[in-house]
Amino acid sequence: TLEPTTLIADAHKAGLFVHEYTFRSEKGYYHLPLDAKGDPGVEYLQHFRLGVDGVFSDQADHALKARADYLKEVGAK
């Protein structure tokens, strides 16, 4: 819900990878931003769009789908 900062870009400029943790998709364990409308996939996708290199997730299938959706969105293979 905050405006993005230069943290990810700064880390990349320093030669670092950015991996966030821990994403969870089951109800009762996640606190999605209002713009995610209850869909954890929207949250994953939002973070990939911000430039993170990867995520740690208790639901690997959700993370992999979001990553695949993001790569398709940007035209990567």
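Throughout, residue positions are numbered sequentially from 1 according to the sequence presented.
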Does the plane of the ring in Phe23 sit parallel, tilted or perpendicular to the ring in His47? Use 30° and 60° as the thresholds.
perpendicular

Nearest atoms (heavy-atom pairs only) where Arg24 meets Tyr44
N-OH, 4.4 Å

Consider only side-chain heavy atoms of I, L, V, M, F, W and Y, link residues closer than 4.5 Å, and tell whether Val18 and Val74 are in one cluster.
yes

May I ask you to say whether Lys65 pairs ionically with Asp61, meaning some side-chain N is under 4.0 Å from a carboxylate O?
no

Taking Leu71 as the starting point, is it possible to reach Leu50 by hopping between hydrophobic residues whose side chains are less than 4.5 Å apart?
yes

For Asp10, run the side-chain contact (heavy atoms from CB on, under 4.5 Å) check against Ile8, Leu7, Thr6 and tell me which one passes.
Thr6

Return the minimal non-hydrogen interatomic distance between Val52 and Arg67, and the atom names on each side.
O-NH1, 4.0 Å

Can you name the nearest heavy-atom pair linking Ala66 to Gly41, along with the distance?
CB-O, 4.2 Å

State, with a plain yes or no, whether a side-chain heavy atom of Val55 is found less than 4.5 Å away from one of Phe48.
yes

For Asp53 and His19, indicate whether the former's side chain and the latter's backbone hold a donor-acceptor pair under 3.5 Å.
no

